[in-house]
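Values reported hereafter were calculated over all heavy atoms of this structure, with side chains retained and with hydrogens, waters and symmetry mates removed. Residue numbers start from 1 in every chain, and the chains themselves are labelled A, B, ... in the order their sequence lines are given, proteins ahead of strands.
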Amino acid sequence: MTVLVSGAAPALADAPSARRVVLAIARLEARRLLRSPLVWLGMFLTLGLTWVSMQAPDDWSGARYTVSPVLAGPLVATLSFAVAGSFHRERSDLGSDTPVGEGARAAGRLVGALSLVLLVALLATVGGLAARAYGGFDLGDEPGRTLHAHFTLPELLQPVALAVLGVGVGAVAGRRFRHRAAATLALFVGWFPPVMVSWAFQSPAVTPFSIIQIQPLSIPVGSVQTDPLTFPSEWLLLAPGEFQDHWARAFMSTGLGAGHDLWLLGLAGVFTALALPGRARVVLLAAGALVAAAGIVMQYAAIP
Amino acid sequence: MIVTLRQTAAPTARAVSWTPLLAVGCVLGVLAMVFSAWDTTSPTVLGLGAGAMAATLVLAWRDPAASLLAALPVSLFTRRLVRLVLTATVAVPLWLLVTLVLPGDGSALGPFLALSCAGLGVATWLPADRDVTVAAVVPLLWATLAELFGEVSGIVGAAAGLPVTHAAPVAFGGLVLLLLGRHR
């Protein structure tokens with residue numbers, strides 16, 4: 001009897017803490033996710049799209065600047081497919097037989113998925129540095145025009161926030177859909193409107209709710225007869241043309257971009273919560289909803 | 001044969017996973033209504049929507065009980081044909097409805113059929129132990145490549161845009177693959 005008790009005590013003392021368990025799962029998941037062909041397919045599509053976009057003739061002002069936020073779209077979409085695969089394994093019966101609870105396993109998967117967020121952050125950093133080296137982009141029409149437009153920090157962080165959202169929607173799709181194929185297909189049709197038709201969600205009234213926000217916003221400021229020299233000289237302007245019959249201000253704002261990043265992070269929290277078990281779900285759901293609401297308010301406050 | 005097919009229709013309809021088709025149909029329907037409200041055309045929605053809808057047809061071939069049913073006198077090809085007819089009966093009208101609501105010209109039926117046939121052709125020739133989910137990637141990926149790189153000049157752009165520019169030959173090629181593999 002004595003032998004049994006003294007033998008059990010060291011085993012209990014050596015039991016790994018929850019943190020160590022989560023980190024061990026995270027390491028495994030990160031390795032798996034970073035090796036996923038889906039992620040590298042997305043990287044290939046993103047780099048290909050970047051190359052095609054930058055090779056295309058810069059035939060209208062702001063063409064390259066406004067296409068840039070969309071470039072990370074394919075990578076973020078495929079990243080969410082890979083995360084869905086990771087969370088879909090949770091549906092196998094094997095999970096319930098393991099000595100680790102679902103909460104710890106989900107936390108491990110999420111922490112592991114941060115490796116993909118870091119990958120997107122790295123790509124965004126390289127993109128930002130390349131834009132700096134390039135000397136900036138052409139934006140606006142005379143007399144309100146610049147040839148050296150650079151992305152603000154919130155704009156550079158948008159792909160990173162998008163990646164966090166990608167992890168969230170991938171997690172919930174993988175955890176809640178019965179078949180992985182259905183989850184992937186749902187994610188595909190969920191991602192392609194905000195990525196490929198992002199231009200449709202850029203009006204000042206709708207853009208706070210968009211997934212990929214493209215700055216500058218076009219805000220009408222005068223009819224076609226208005227003398228553009230009467231506008232404040234610091235404004236970037238969009239001249240009347242094929243797509244608009246008025247002068248518009250090309251509105252750019254750090255506050256708007258920061259609010260949008262908050263909105264994306266809040267949305268990511270809401271989606272991630274739906275993939276989690278127990279109390280963590282309620283807490284994250286509430287926190288995510290609050291952050292998303294704050295992001296929306298901040299964006300509307302920034303738009304004149 | 002016809003009697004057998006008719007008898008297998010009802011249990012097959014219950015066994016087919018309708019979730020992907022309904023999910024894709026709902027999203028495309030909502031998008032079509034939004035674009036209709038804005039009176040805005042979007043070839044991208046048509047292009048990628050065709051890929052997604054074609055993928056649902058390929059996914060309908062996914063049969064977890066395939067090895068169990070292999071002992072039956074009804075061949076794998078016939079069972080897959082029943083699944084295809086059942087899902088196409090829903091998918092094609094759904095697709096036509098989406099394109100009818102979506103402003104712009106054309107129903108993109110050509111790209112939809114081309115991508116479906118390509119996916120089904122690949123699914124036919126997959127090794128017996130591979131899930132057809134792999135083949136469902138074909139229409140999704142090809143539609144994506146057509147959208148991203150279809151305008152690029154040269155062989156890359158031409159190959160990516162084939163389901164749109166040469167829908168009939170692509171559909172024919174897929175059908176040939178499908179028929180050649182019918183005894184597999």
What do you reckon, are the aromatic ring centroids of W38(B) and F201(A) less than 6.0 Å apart?
yes

How many angstroms lie between atom CG of L141(B) and atom CG of L45(A), to the nearest 0.5 angstrom?
6.5 Å

Chain A heavy atoms under 4.5 Å from L28(B): which part of the residue, side chain, backbone, both or neither?
side chain

Count the heavy atoms of every other residue, nucleotide or ligand shown that sit under 6.0 Å from CD of Q244(A), and state whether that count exceeds 12.
yes

Quick one: pull up CG in L140(B) and CZ in F81(A) and give me the separation to the nearest 0.5 Å.
7.0 Å

What heavy-atom pair brings F188(A) and L48(B) nearest, and what distance separates the two atoms?
CE2-O, 3.8 Å

What is the minimum heavy-atom distance between G49(B) and F192(A), and which atoms define it?
N-CZ, 3.9 Å

So which of T19(B), V24(B), T40(B) has the biggest tally of heavy-atom pairs under 4.5 Å with chain A?
V24(B)

Tightest non-hydrogen contact, residues L185(A) and A55(B), listed as CD1-CB, 3.8 Å

More than 12 heavy atoms of other residues, nucleotides or ligands under 6.0 Å from OH of Y300(A): yes or no?
yes

Scanning both residues in full, the closest heavy-atom pair of V45(B) with V197(A) reads CG2-CG2, 3.9 Å

Given that the side chain runs from C-beta out, which part of A136(B) has a heavy atom under 4.5 Å from chain A: side chain, backbone, both or neither?
neither

One should read off an interatomic distance between S17(B) OG and F177(A) CZ, to the nearest 0.5 angstrom, of 10.0 Å

Using a cut-off of under 4.5 Å on heavy-atom pairs, state which of A181(A), A186(A), G190(A) scores highest against chain B.
A181(A)

Considering residues, nucleotides and ligands other than H246(A), do more than 12 of their heavy atoms fall under 6.0 Å from its NE2?
yes

Select one option (side chain, backbone, both, neither) describing which atoms of T144(B) are under 4.5 Å from chain A's heavy atoms.
side chain

